[in-house]
Amino acid sequence: MSILREQLTAGFEKIYRQLNEQQRRAVDHLEGPVMVIAGPGTGKTQLLAARIGRILQETDALPENILCLTYTDAGAVAMRQRLQSFIGAEAYRVNIHTFHAFCNDIIQDNRTLFEKNSLEPVSELERIELIKTIVDGLDKDNPLKRYRGDAYFEISNLKNLYSDMKREGWDAAFIKTGIREYLEDLPNREAFIYKTSRAGKYNKGDLKQEAIENEKDKMARTAAAADTFVIYQELLHRHNRYDFEDMINWVLTAFREHPYLLAQCREQYQYILVDEYQDTSGSQNALVSALLGDDPTPNIFVVGDDDQSIYRFQGANVVNMLNFAQAYAPVLYTIVLTENYRSVQPVLDVSRALIGHNEERLVNKLPGLEKVLKAAHPDRMHDLTVPRLCIYANPFQEMAGLAGELESLIREQGVPPEHIAVIYRENKYGEALSRFLQMKDIPVYAKRKQDLFKEPLAVKLLTLLRYIAAETEVPYSGDGLLFEILHYDLYGVPPVEVARLSVEVAEKSFREKTSLRAYLQDWLKTRNPTLFEQRPHEALFEVARKLEGWIGAAFNTTLQELTERVIREGGFLPHVLQSPDKVWLMQVLSAVFDFVKAETRRNPELNIGGLVRTLDLMERNGLPVAINRILGNEHGVNLLTAHGAKGLEFEYVFLAGGNATNWEKKRKPSSGYTLPDTLLETPAKYQEEEELRRLFFVAVTRARRHLSISWCRENNEGKALEPSRFIAELREGSDLPEETVTPDSNRLADFAALEFTAAAPRISAEGQEWIDRLLDKFVMNVTALNNYLDCPLKFYYNNLLRVPSGRSEATEFGSAVHHALERLFLKMQESEDRSFPAEEVLLNDFRWFMHHHRESFTREAYARRMEYGQDILRHYYQQYAAGWNKVVSIELNVRHVVVDGIPLKGKLDKLEFNGNAVNVVDYKTGNYERKGTREKLLPPNEKNPLGGDYWRQAVFYKLLLDHYKLKDWRVASTEFDFIEPNKKKEYYKHRIDITAEDTATVLSQVKTVWQQIRQREFYTGCGKPDCHWCHFTSTHHQQLETEDAETE
DNA sequence: CAGGTAGTCGTTTTT
DNA sequence: CGACTACCTG
């Protein structure tokens, strides 16, 4: 007996004696294939570890000859720890890996086999960048190409598609064959044939052409996407990168092409164990098969529970278990573990009733299999606790009630919080709940991935970097960001001072081109540029000096050094250290820094502009930089999603949010491209329900003793809800009583007070006499009117302070289109025969403008907008040129109009005359079919008593022109001319004929708003949750007062 | 039953 | 943005 064997014998015997009959049989059956079906709580990890011990004890195998494959890192770690407690340090010689780590090792150890000597896994970010180049390279009529909105929208869809294709082993040809079959089959399907007739339109039995066209469009998208797959593979290859799916597929290929590699592996791994076998995907399973080869009795030991397979969305496939059983049927030793060490019998009974509703189970597929879990410790039956079903009035009460229950368990019954778990379907629920519990000082423990880009501190740091980048690339282009930066609490500048500065600059820039930055610079250099201006607040200079330093440094230091300097000098550290949340905030800071480090390591040439473009790309694609935040500590109540709870157990389990809408009625998000159903073998709908039921089963079986499931009768808006059907299924056989729970009113009131009552942010109005000066100069215009009606703060910042705003890609594009059309009409007017110049002239003017403002675009955006703009203008010209009214006035600036004592002004794109009747034309870029556009055109109605913004604009123009003393015009109508066509290339004009009532309504709006503005009622925001300026005010105004929503 | 439209909502998780 | 549902209307 070797030393190792002696060592492990003593410890092992003790463990072995604790095993039950079934487990011992599984451990002892060393040779040939074994499949263990291990229900929840049946001691699976213990079993695997014991078996490894047994192999080492009974055979000549060395630890190195054993391969244990798991699904997750956590699984591998847990496994090794358990093994270590049996056999000590030798445990480290056993090969315990995740599938991916195992394959990655093989690739890295045999790089020459993979044709490259520098090969690295692709990072998430690189992957996005590669796919971005694919999207950029799509040609004009590719159905995936988008010109407006989010041009890179397809990136994440493509990413998912590639993963699916790799996991399933599909190529483009296979998908397109599927599509062809699908489309050919459509005419045979009931859903595409009319069942009734309608006179003049269609007869019974006709095909629904429109629906078929629709499917064809969808399939064209899918096919186009599948076609890019080879490009993606090619790009990966060229960059010496491979992705997660490749790890497994490549090794499979290598095994096929280089038999000696496979032989070598087979020789080394004499005993193979696979944990969580129900979670293996098709390719992972193929890997296992390859390692086993054609040996009819391989030493393979798989453990899994088909009822706990909850990762099908990642490619996991229960069918693997079934195939395994069938492949080795003659020699397979199958064991079902049914003795449950975790839960009391009533919990087991309930979960059994539930899972019994699934069809896709091994017990239904394999003969002679039975899986009825029995509590291993019947002595615990004496304090039998029956699962509870609690019904709350609404989610709010549910959380309050839950908090109450937790509170009394912990404070009155002395239950350690870590013995309690609240389990729910989605993280979102947990977020709300943890906020709730923390307010009541109930300790919580939740691990959560948070998006770095959503953390205010990170946003501040990144905004600084963005600002520096903007100023480095195009000097004085970052004023919008600067305005924000000056408000940072890091610098202690009173917001009033920033406002004053901003106005000063806005006024000055009438006379000469200037900017916040230039203005501050002037002061820094000369102390007092003009004797008449008041010196800005001292703290502003502090910030300005720092910023100038960084902008200078950007040219001379590495990106890493610059970032470090910004963190060091930018006031971040003292701010973090003073905060009660300092641990977390430090984590945020280092995460940003780590991100920059990682990016520069991957791309040493990266400069700050490149970094910012990367950030933009990630942000636009909703690609989070995940950062793990641990909420509370391990002595708190566990807050978990059902997925996250897998493998864990708790004395008390509260399964919250048991409504149908959270489970089987939750609609699943569209996955980008619709696949033809000819590709998929099983009816998806059915499968999904079974998978969800398994998830519910996992959640329920986490409970040792106490299980409480709750649902709500209504949602917080008062709409009726129903319980999940799984709850009804649980109750079959064991008559669980329902309890309607109403938290006592004191507690509810407590929570209501704690709840975030929507508060309208408010700026302190004191000390702003200088605002009077601004008000004196203020002239009413449509934008101001619309802004004020939307949110008074929006008016305050945009129209009064005239906060500098960056020229966005979209607005610049709009200007280019406006410009080109303006020139077109002017040239017509100037021409001798009053004829319109050629189409090419129009396009030329457009190109000229774009070219002169190209700094507002990224290179890709520029090319894309250029192409798109010319395309729509060309069609626009062809559509309308013949019929244009030539009696027009272009870009008229109307000032000095006074109506009822109120000064008005406005700028009009185009006036078309018919005698002295005027049709005002306003160009709109943007798709008129876009959401919200229609409402903007509507006069007041119940839903929007103020009327839409465009409608108001139309009426305002009439008001303006009708009172325009210089001319005797009558405005008959206003027309909104949409320059962008819809998908079908149709152009659209919307004409508003203005009634006397309309004029009266808008006039009264103008009067009211005018009066309110004169009375300085613009310091309180609208309080709408998505209002930019309300958000800005509440984050940056320290002296903010919140106005209670109740004071109404 | 078919078509239009307004309204709603946009996971779970690992490598 | 766009896919899906619920509801309304002919």
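Residue numbering restarts at 1 for every chain, and letters A, B, ... go by the order of the sequence lines. The structure displayed is predicted, hence computed values, not measured ones.
- When the C1' atom is compared between dT11(B) and dC4(C), the two are found 16 Å apart, to the nearest whole Å.
- The interatomic distance linking Asn427(A) (CG) with dT12(B) (C1') rounds to 8 Å, in whole Å.
- Residue Tyr162(A) forms a side-chain hydrogen bond (donor to acceptor under 3.5 Å, both in side chains) with just one option from Asp243(A), Asn157(A), Thr228(A), and that option is Thr228(A).
- Annotation: side-chain hydrogen bond (donor to acceptor under 3.5 Å, both in side chains) contacts of Gln233(A) (sequence neighbours excluded): Lys166(A).
- For Tyr311(A), counting side-chain heavy atoms from C-beta on, the closest listed nucleotide (dT11(B), dT15(B), dT13(B)) is dT13(B).
- For the residue pair Asn249(A) / Tyr242(A), no side-chain donor-acceptor distance below 3.5 Å is found, with atom types taken as modelled.
- For the pair Glu215(A) CD and dC4(C) P, the computed distance is 9 Å after rounding to whole Å.
- As a whole-Å value, the separation of Glu691(A) CD from dT13(B) C1' is 11 Å.
- Asn104(A) comes within contact range of no nucleotide atom at all, as no heavy-atom separation falls under 4.0 Å.
- Computed from coordinates, the Lys166(A) NZ to dT15(B) P distance equals 18 Å when rounded to whole Å.
- Counting to the nearest Å, the P atom of dT11(B) and the NE2 atom of His643(A) are 14 Å from each other.
- Mapping Glu245(A) and Ile193(A) onto DNA chain B via the closest heavy atom, the residue that lands nearer the 5' end is Ile193(A).
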Before giving the answer on salt bridge (Lys or Arg N to Asp or Glu O under 4.0 Å), spell out for Lys159(A) and Glu154(A) the whole-Å C-alpha distance, their side-chain angles and the decisive distance to 0.1 Å.
CA-CA 8 Å; Lys159(A) 198 178 69 165; Glu154(A) 298 295 338; over 6 Å; no
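- With no hydrogens or angles considered, a side-chain donor-acceptor pair links Asn358(A) and Arg693(A) at under 3.5 Å.
- Look at Asn662(A) and you won't find any side-chain N or O under 4.0 angstrom from OP1 or OP2 of dT11(B).
- The residue among Arg425(A) and Lys208(A) whose nearest nucleotide of DNA chain B lies closer to the 5′ end is Lys208(A).
- Proximity note for Tyr194(A) (side chain, C-beta onward) versus dG10(B), dC4(C), dA2(B): the nearest is dA2(B).
- Partners of Glu649(A) according to the salt bridge (charged side-chain N to carboxylate O under 4.0 Å, His left out) rule, which considers only residues two or more places apart in sequence or in another chain, are Arg342(A), Arg704(A).
- Spacing between atom CG of Asp275(A) and atom P of dT15(B) amounts to 14 Å, rounded to whole angstrom units.
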With pairs defined as Watson-Crick or G-U wobble and both distances under 3.5 angstrom, please note down DNA chain B as a dot-bracket string, | for pairing with another strand.
||||||||||.....
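- Ion pairing between Glu398(A) and Arg713(A) fails under the 4.0 Å rule for side-chain N and carboxylate O.
- Checked by atom type, the side-chain pair Asn662(A)/Tyr429(A) shows no donor-acceptor distance below 3.5 Å.
- The side chain of His100(A) approaches dT15(B) more closely than any other nucleotide in the set dT13(B), dT15(B), dA2(B).
- Separating the CZ atom of Phe102(A) from the C1' atom of dT15(B) is a distance of 16 Å, rounded to the nearest angstrom.
- Counting to the nearest Å, the C1' atom of dT15(B) and the NE2 atom of His97(A) are 15 Å from each other.
- Which of dA2(B), dT11(B), dT14(B) sits closest to the side chain of Thr72(A) comes down to dT14(B).
- Nucleic acid contact for Phe99(A): none, since no nucleic acid atom lies under 4.0 Å from a heavy atom of the residue.
- Considering only side-chain N and O atoms, Lys428(A) lies nowhere under 4.0 angstrom from the phosphate OP1 or OP2 of dT11(B).
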